[in-house]
Every structure is written in structure tokens, then in C-alpha cells.
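The structure under discussion appears below in the form of C-alpha cells.
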Amino acid sequence: MQRTRKKRYQKRRRVMRRALWRTLILTAFFLFAAGAASLAFTAMRLTARTFAAEESDAGNEEASARETLMDQSGTSSGASAQDGASGLLLVNKTHPLEEDYEPELVRLRDYGVEVDASIYEALTKMLAAGEQKGLSFWVASAYRSPQRQRELLDEDIGELVAQGYSYSEAYEEVVRETMPVGCSEHATGLAVDIVSKGYQILDAKQADTAEIRWLQENCSQYGFILRYPDGKEEITSVSYESWHFRYVGEQAAKAIAEHGITLEEYLEETE
């Protein structure tokens, strides 16, 4: 009886020792796993912080580069802001627009027309400055799609043909003032026809209005030029249009106005 009890006691002790060893082993394993996880989590946090710092530095470098570029050129290189000869877009009968050209358009709500986003601020400032002088403007035309340009061209040609002109004669006559499709500055969104609100006819009398006189004297301050000046028809291949203004940026506009030259002449001199 005593031997049996002794055997049971010894067996119980062996079981308890095994259970204790299992507990110790499991505890050690979990402690090791927890420590490894903690180390891994710490490493991940350090990696994340390093990556974030690198991203921030890269962003700061990019922003700094943009600011430097804007300081040098006066504007962001991504916009068609036109300051400086290298950024100017020349559109005429010998320099048509690329077929896939698409301006970024915004609407001039007061006039119901659209212009390229890069000229919106300068244009509205110019018109507001003139209005403060008691003038009253109307933007008769701004962005014009190639399809609309074709329609205008065909309408004008048709009128002359009806008067007895041949088609070729009518075409040559019309393109003195209406540009062929692909050659119009209006397709860029950078050009506007501005007239006196009290006299909205595009003819020789428009040049005598107070609004046009003020614009021709002051437009360069806002980055615009009179695109087709009187007496420069041989260079521009377009008759004098007192109402047609083109945005080129203040630097180019002031140089063009100061020397009394056209955009073509300015670009040729700065090549």
C-alpha cells in the first residue's frame, strides 16, 4: 500500500515537473516572440520616419527648384505665360499651330468668352484698370476653335464670291484679315479682340475710341501687345487691327512697345 502511494507520488511529481518545463519553455518562447515583434515594430517605425524625412526633403527640393525657376523666368514653366523669347508662341500664316494644340480654357463670365488660363489674371486686371478710368470695354472675341475659324473663313469667302469674285480672289482678299484655319492666334486662347462697349464694330473707326487708345498706350504694362499694328502689314501679313491684342508677358510686351516692333521682329532679334 505504501509502495503504491509512493509510486503515485513520484508519478505525480514527474507530471508536475513536465508541466513546469512546458510552461517555462512556452513562456520563454512568447517572451522571445514579443521581443522580436517589438524590435521589428521599432525598426518599422524608424524606417517609416526615415522614408518620410526623405520624402519631405525631396518635396522641399522640388518646391525650391520651382521657386528658383519662377524667380528666374517670372512664371512657372508649365504655363503658357510667354515671358521671355524662348517661351513665346508664334502663330501666323507661315507658323501654324500643331494640330493637337489644346489651351487650358477658363471663362470670362462678364463677356461670355473663353481664354487660356495663363492670361486670365492679366487680362482682368487690364480691363479693371481701364474701367477705373471711366472706360467701358467689350471682349468681342477670344478663344476660337479651328472649326469656328473655318466657318468664319467660308462665310467671308462666300460673300465675296456672291459679289462676283472668283474663289481664289475671294480667299486672298479674306485672309488679309481672317486667318486660315490653324494660323489664327485665337485658337491659342492667348489673343483677344477688345472694343469699346459703345462702338462694337470692327472697322477703322474703332481705333478712334477712347478705349482702344487707352489699351494701345497701356496694354504692355499687363503683358499684352497690339498684334497687328498699322504700317506693319508686310511683316504680319495682316491688315491693321486696332482691336486685336495678344498676351506675351510683361518682359516681351514692354520691349516690343518700346521699340515699336512686331512679335515677328522681336523673335527674330532675340534668336
Taking all non-hydrogen atoms of both residues, which atom of [X] and which atom of [Y] are closest, and how far apart?
X: Thr270; Y: Tyr266; answer: OG1-O, 2.8 Å
X: Val115; Y: Ala142; answer: CG1-CB, 3.6 Å
X: Pro229; Y: Thr236; answer: CD-CG2, 4.5 Å
X: Ser242; Y: Leu226; answer: O-CD1, 3.5 Å
X: Gly182; Y: Val91; answer: O-CG1, 4.2 Å
X: Arg246; Y: Leu263; answer: NH1-CD2, 3.7 Å

Reported [atom1]-to-[atom2] distance for the pair [X] and [Y], which is rounded to 0.5 angstrom:
X: Ile194; Y: Leu123; atom1: CD1; atom2: CG; answer: 5.5 Å
X: Glu102; Y: Thr188; atom1: CD; atom2: OG1; answer: 13.5 Å
X: Ile157; Y: Glu155; atom1: CD1; atom2: CD; answer: 10.5 Å
X: Ile225; Y: Tyr247; atom1: CD1; atom2: OH; answer: 12.0 Å
X: Tyr228; Y: Ser237; atom1: OH; atom2: OG; answer: 9.5 Å
X: Leu160; Y: Tyr167; atom1: CG; atom2: OH; answer: 11.5 Å

Taking atom types as modelled and ignoring hydrogens, do the side chains of His244 and Glu185 form a donor-acceptor contact shorter than 3.5 angstrom?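 Glu185 and His244 do have a side-chain donor-acceptor pair below 3.5 Å.
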
Tell me, please, which residues at least two apart from Glu264 pass salt bridge (charged side-chain N to carboxylate O under 4.0 Å, His left out). Arg227

Counterpart residues, salt bridge (charged side-chain N to carboxylate O under 4.0 Å, His left out), relative to Arg107 (two or more places apart): none

Can you hop from [X] to [Y] via hydrophobic side chains spaced under 4.5 Å?
X: Phe137; Y: Ile201; value: no
X: Leu152; Y: Val195; value: no
X: Leu153; Y: Leu202; value: no
X: Tyr240; Y: Phe224; value: yes
X: Leu135; Y: Val192; value: yes

Looking at side-chain heavy atoms only, is the closest gap between [X] and [Y] below 4.5 Å?
X: Ile261; Y: Ile235; answer: no
X: Asp154; Y: Glu151; answer: no
X: His259; Y: Glu269; answer: no
X: Leu108; Y: Thr124; answer: yes
X: Gln216; Y: Phe245; answer: yes

Take a 6.0 Å sphere around [atom1] of [X] and say whether it holds more than 12 heavy atoms from other residues, nucleotides or ligands.
X: Glu104; atom1: CD; answer: no
X: Lys125; atom1: NZ; answer: no
X: Glu268; atom1: CD; answer: no

List in chain and number order the residues that pass ring-ring contact (aromatic ring centres under 6.0 Å, His included) with Tyr120, two or more places apart in sequence or in another chain; answer none if no residue qualifies. none

Taking transitive links into account, so neighbours of neighbours count too, which hydrophobic residues share a cluster with Leu105 at under 4.5 Å side-chain distance?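 Members other than Leu105 - counting any ILVMFWY side chain reachable under 4.5 Å - are Tyr143.
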
Is a donor on one side and an acceptor on the other found under 3.5 Å between the side chain of Gln149 and the backbone of Met179? yes

Would you list the atom pairs, donor with acceptor, under 3.5 Å between side chains in residues 170-177 and any protein atom, with sequence neighbours excluded?
unit_1, atom_1, unit_2, atom_2, d
Glu173, OE1, Arg176, NH1, 3.4

Please step through side chain to side chain contact (heavy atoms under 4.5 Å, CB included) for the pair Asp193 and Arg144, ending with a clear verdict. CA-CA 11 Å; Asp193 291 342; Arg144 189 184 301 151; 4.0 Å; yes

Residues 207-214, side-chain donor-acceptor partners within the protein, below 3.5 Å, at least two apart:
unit_1, atom_1, unit_2, atom_2, d
Thr209, OG1, Gln206, O, 2.8
Thr209, OG1, Ile212, N, 3.3
Glu211, OE1, Ser196, OG, 3.1
Glu211, OE2, Ser136, N, 3.1
Arg213, NH1, Asp208, O, 2.3

Go through Ser118 and Leu190 one step at a time and tell me if the side chain to side chain contact (heavy atoms under 4.5 Å, CB included) criterion holds. CA-CA 8 Å; Ser118 64; Leu190 303 172; 3.8 Å; yes

